[in-house]
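Structure, as structure tokens:
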Amino acid sequence: MSHTKKKKRQRDALKGLVLHQTVNAVVEIVKENYLVVSIPENNYTLGYAQLSDYNTQRFPRKQYLNGQSVVASVMALPSLETSGRLLLHLNEVNRTSSSKRTKKSSYKVGSLVEAEITDIKTFELKLKFGFGLHGRVHITEVHDANDLENPFSGYKIGQTVTARIVSKPNDADSSRNGSRWELSVRPEMVTGSSDIGDNISEKLDFKIGQCVAGYIYKVESEWVWLAVSRNVKAQLHILDSSTEPNELEDFQNRYHVGRLVSGHVLSFNLEKKLLRLVLRPFSTLPLRTDEEPQTNLVNKELTAHIREGDILGGRISKILPGVGGLLVQIGPHTYGKVHFTELTEKWVPDPLSGYHEGQFVKSVVLEVSNTVRGTVHVDLSLRSSNVRSLKNSSDVHSNVRAIDKCVEKIEDLHPDMVVKGYVKIVSPKGCFILLSRKIEARVLLSNLCDQFVTDLVAEFPVGKLVIGRVLSVEPLSNRVEVTLKTSTVSSTSKSEISDLGKFHVGDVISGRIKRVESFGLFIAIDNTNMVGLCHVSEISDNRIENIEAKFGAGEKVNAIVLKVDAEKHRVSLGMKNSYLMGETVVQIPLDEGSNEPNGDGMKSMSTTNCSLLGPLNIEVEYETDQLPILSQAEERACIPPLDVVLDDFDQLEENNTNSTSEEGGNKKDALNEKQIRREKKKAKEEREKQIRDDEERLLEDAVPRTADEFEKLVRSSPNSSFNWIKYMDFMISLADVEKARSIAERALRTINIREENEKFNIWKAYFNLENKYGNPKEEAVMKVFQRALQCNDPKKVHLALLGMFERTEQHSLADELLNKMTKKFKHSCKVWLRRVQNHLLQKKDDVPVVERALLSLPQRKHIKFISQTAILEFKTGLPDRGRSLFEKVLREYPKRTDLWSVYLDQEIQRKDKDLIRALFERAISLSLPPKKIKFLFKKYLNYEKLQGDEERIESVKRKAMEYVESTMN
């Protein structure tokens, strides 16, 4: 019964309402998109008013409060369509709104309010004040100085505080109920003047090097994000957070949300209001903002906070090959290099063994320099003594042995000083070793070892730790020479001088051949530590075609002393029969205290004496700072003759001619000036012929059959791809595929960068290797292919890979690659021709390919493409289609005799005589310049001479004469 009365009252209340009637209403409930209002004049009937419509949905919405009076229009009466609801449309806010509304509008930026704390979060206090107004106090707005770890510790929920409004809700917030105001309870703000204005804005008045503090609000793997104020953020990189490796590894655990962190401003972004901080202080420099060119950002940061002597935390980014050292990251985009000698405190055989990529390290800055490209180069050190020296001003190196010290300046080196170093480069002439970051030393071949070295690379690999003694130092040219031999120079020099005094011109001595060279024999004299040279012209009275075939190392020989040069410590010998007839061998006695010679007489002299050896019949004066050229040749005792650099032969040529000149001087009564010149020329021709014979022997007769022989071959010709590929093929024949791969990699590193074709041959051989032995094959080939693209012309690399696929009949891969090539190199005639050829070989229709090519290729390449396509049709496709292509291009270019010539050549190969003669007749009937028509007549005549008879030959000649007569008339 009561339910019926309620419905009746509702109907009575609605009787006075009509559509579009304007009514006064009171807001009862505020929802997100609509209001629930009551109409007092109609028995407080409830209605629903939408806050926005389709046209105003993006406009800022007005804010309504409970109890507020509004004016609305009746849009729809309750019905089934409106689900029994009264729908209203808001017209405007009643100007006589509640007093509470008036009170709210009185708040502005700078006003002091009494607010109640409703909630305490990690970074803010939530407050309410006035009538239904909400705000917050940011963690940086609690105290004047952000120096408290927990600034909210003195506050609790329900507490009333006095705060000043510092920011009002923006337009986006004003559309939401309960939008927040920004307040501050900092004593400086609360007790300050209330005449602040309409807005309190934060100014970025930070300076480079200024110390600021903030609270962590986010921790990532590489960065920590800080809140410095309400709107200013800061970031701290992992490598700027500490210098200790264990602390860097525990980066995310050391920093947690809410922690107070202080640092120094390194840079800032005005637009993003973002600072970058570093923990350690540094000297301030001119202001740097992101308005400067972006290319200088890294350099500016480096000069701002990295100085020589600074201790930095770093992370190993890359281990460089060989003796390259380490690449260490010391900032977000900043890297430094650690030299190979700066990795460990002491000299150890493998200094890289304790390091791996991604490892955190503690480093010290040795030098910061600007490169030519405008970048900054930072040299670092991981030696603990360098780090300790910055903490303790005393001499921390006192505990380090002198031999373990790293020599930083060339002035600190002196002769006979014992040093350590790492092998950097090995060459046939010796090697270079690293003494420190800036000092390298040269070690000649004769100073590498006391004994004979067969394989330099195996005996002295790159990175090997060696101990040597300084021989000479040249500070001006920054040159240092070191010997690795254990014997001392002083102890041998006296014995050398004493042995030299035993020899006189005319003495006949015995000895053993130590080494055979194209220019002569090196003979180790019995019972001495001396080695003399018998020049090729002094070996025999008759001409010797091949000195190496006649003599071998270790043979016992007799010789006569031709000359003794005490100043240059050289002995010149002769072995001609005319010299030795009737002579007796002089036995050189052993001095007391001298070392006993070895049994074979070949090892009686240490390689230290090599600088004293050479032919005494060479009278060319050397400069005091140069080693004699024959001494350098002696130093290469372990290298085949062709391994000697040709520059040395050029110098030897001068020396040998001078030697011949000297012989001529000794026999003035028998030879005149003309004979001397003839002998010079003859000696030169013999030397050139000898070199050619040696090359032919190495390339043809003496084909390498072992790995050692191949090693000698590639060392003698490091830029020859032929030798490297033969070496790879040899290893594959031994079923050592991994070794073949390593040889390919080594060849790519060794061949000079200017030898592009030689390097490219290695890449093609690498393709074939992986195509045959890769696992999985396609993946291995593509890895090598991607690497080759970075070092070579991309089109050449694609064509090489395509050629391999075609040779191995991998048609699907070839088709796939051709599809990519025609898109990537769509303007290349060669690529489209390969596509046509591939279709013809697979018996596919090439017409669509030709049409696509003509659309893609430039107009200037059409003739070339059409003519080459026609040739392919004649050879592998349909000749009729080739004829049609030739006819098409000749219609447009009828005077191109080169096209006529190619067309005729293709038809001549088809051997259809009638068709060929008809084509010739067409060609000679054209109106062409005399030079071109002469070419066609000559071609026609040659064809008839080969295929026709006398009548046809005469016919062609007659037509040529007729053409000449018509031209003259």
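Treat the numbers as computed from the prediction; the structure is a model and nothing was measured.
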**Request:** Take E756 and K796 through the test salt bridge (charged side-chain N to carboxylate O under 4.0 Å, His left out) and record every step on the way to the result.
**Result:** CA-CA 11 Å; E756 295 180 0; K796 287 178 62 178; 5.5 Å; no
Do [X] and [Y] touch side chain to side chain, with heavy atoms closer than 4.5 Å?
{"X": "V797", "Y": "F767", "result": "yes"}
{"X": "R883", "Y": "Q906", "result": "no"}
{"X": "Y963", "Y": "I924", "result": "no"}
{"X": "I863", "Y": "R896", "result": "yes"}
{"X": "Y422", "Y": "I433", "result": "no"}
{"X": "H356", "Y": "I316", "result": "no"}

Which residues share a side-chain hydrogen bond (donor to acceptor under 3.5 Å, both in side chains) with [X], sequence neighbours left out:
{"X": "E745", "value": "Y766, R787"}
{"X": "D455", "value": "none"}
{"X": "K888", "value": "none"}

**Item:** Within 45° cone and under 6.0 Å: K464 NZ/CZ vs F460 ring
**Value:** yes
**Message:** For F886 and Y903, take the angle between the two ring planes, folded into 0 to 90°, and tell me which bin it lands in: parallel under 30, tilted 30 to 60, perpendicular over 60.
**Reply:**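 Parallel.
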Value rounded to 0.5 Å, distance of [atom1] in [X] from [atom2] in [Y]:
{"X": "C829", "Y": "K864", "atom1": "SG", "atom2": "NZ", "result": "5.0 Å"}
{"X": "T706", "Y": "E709", "atom1": "OG1", "atom2": "CD", "result": "3.5 Å"}
{"X": "Y943", "Y": "I908", "atom1": "OH", "atom2": "CD1", "result": "6.5 Å"}
{"X": "N768", "Y": "D729", "atom1": "CG", "atom2": "CG", "result": "11.0 Å"}
{"X": "M782", "Y": "K777", "atom1": "CE", "atom2": "NZ", "result": "13.5 Å"}
{"X": "F825", "Y": "K795", "atom1": "CZ", "atom2": "NZ", "result": "7.5 Å"}

Could you tell me whether a side-chain N or O of [X] sits under 3.5 Å from a main-chain N or O of [Y], the two making a donor and an acceptor?
{"X": "K932", "Y": "K895", "value": "yes"}
{"X": "Y355", "Y": "L343", "value": "yes"}
{"X": "S901", "Y": "T897", "value": "no"}
{"X": "T750", "Y": "A747", "value": "no"}
{"X": "S884", "Y": "R881", "value": "yes"}
{"X": "D736", "Y": "I732", "value": "no"}
{"X": "E357", "Y": "K318", "value": "no"}
{"X": "H862", "Y": "L857", "value": "yes"}
{"X": "T876", "Y": "L872", "value": "yes"}
{"X": "E758", "Y": "S721", "value": "yes"}

**Request:** Check L352 against G322 and note the closest heavy-atom contact, atom names and distance.
**Result:** CD1-O, 4.3 Å
**Request:** Could you tell me which non-hydrogen atom of S717 sits nearest to which non-hydrogen atom of W724, and how far apart they are?
**Result:** O-NE1, 4.4 Å
**Worked verdict on L899 versus S867 for side chain to side chain contact (heavy atoms under 4.5 Å, CB included)** = CA-CA 7 Å; L899 295 178; S867 60; 4.0 Å; yes
**Message:** Show every salt bridge (charged side-chain N to carboxylate O under 4.0 Å, His left out) that has at least one partner inside residues 824-835, sequence neighbours left out.
**Reply:**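 Sorted result for residues 824-835: E806-R834.
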**Message:** Checking side-chain polar atoms at under 3.5 Å, does N771 have a donor or acceptor matched by the opposite partner on Q810?
**Reply:** yes
**Message:** Before you tell me yes or no, could you show the steps for K957 and E954 under side chain to side chain contact (heavy atoms under 4.5 Å, CB included), namely the whole-Å CA-CA distance, both residues' side-chain angles and the distance that decides it to 0.1 Å?
**Reply:** CA-CA 5 Å; K957 290 181 179 180; E954 291 299 327; 4.2 Å; yes
Lys/Arg N to Asp/Glu carboxylate O, [X] vs [Y], below 4.0 Å:
{"X": "K939", "Y": "D905", "answer": "yes"}
{"X": "E778", "Y": "K783", "answer": "no"}
{"X": "E738", "Y": "R741", "answer": "yes"}

**Asked** Can you name the residues that form a ring pair (Phe, Tyr, Trp, His ring centres under 6.0 Å) with F805, not counting sequence neighbours?
**Response**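 Expected list: none.
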Donor-acceptor contacts, no H, no angles, side chain residues 910-920, under 3.5 Å, sequence neighbours left out:
residue	atom	partner	partner atom	Å
R917	NE	E944	OE2	2.9
R917	NH2	E944	OE1	3.3

**Derivation and outcome, side chain to side chain contact (heavy atoms under 4.5 Å, CB included), residues W832 and V850** = CA-CA 8 Å; W832 283 107; V850 174; over 6 Å; no
**Request:** Report the residue from R749, E755, R754 that forms a side-chain contact (heavy atoms from CB on, under 4.5 Å) with I751.
**Result:** E755
**Request:** Any chance you could lay out the side chain to side chain contact (heavy atoms under 4.5 Å, CB included) test for F710 and M731, step after step, and finish with the verdict?
**Result:** CA-CA 10 Å; F710 273 106; M731 284 301 169; over 6 Å; no
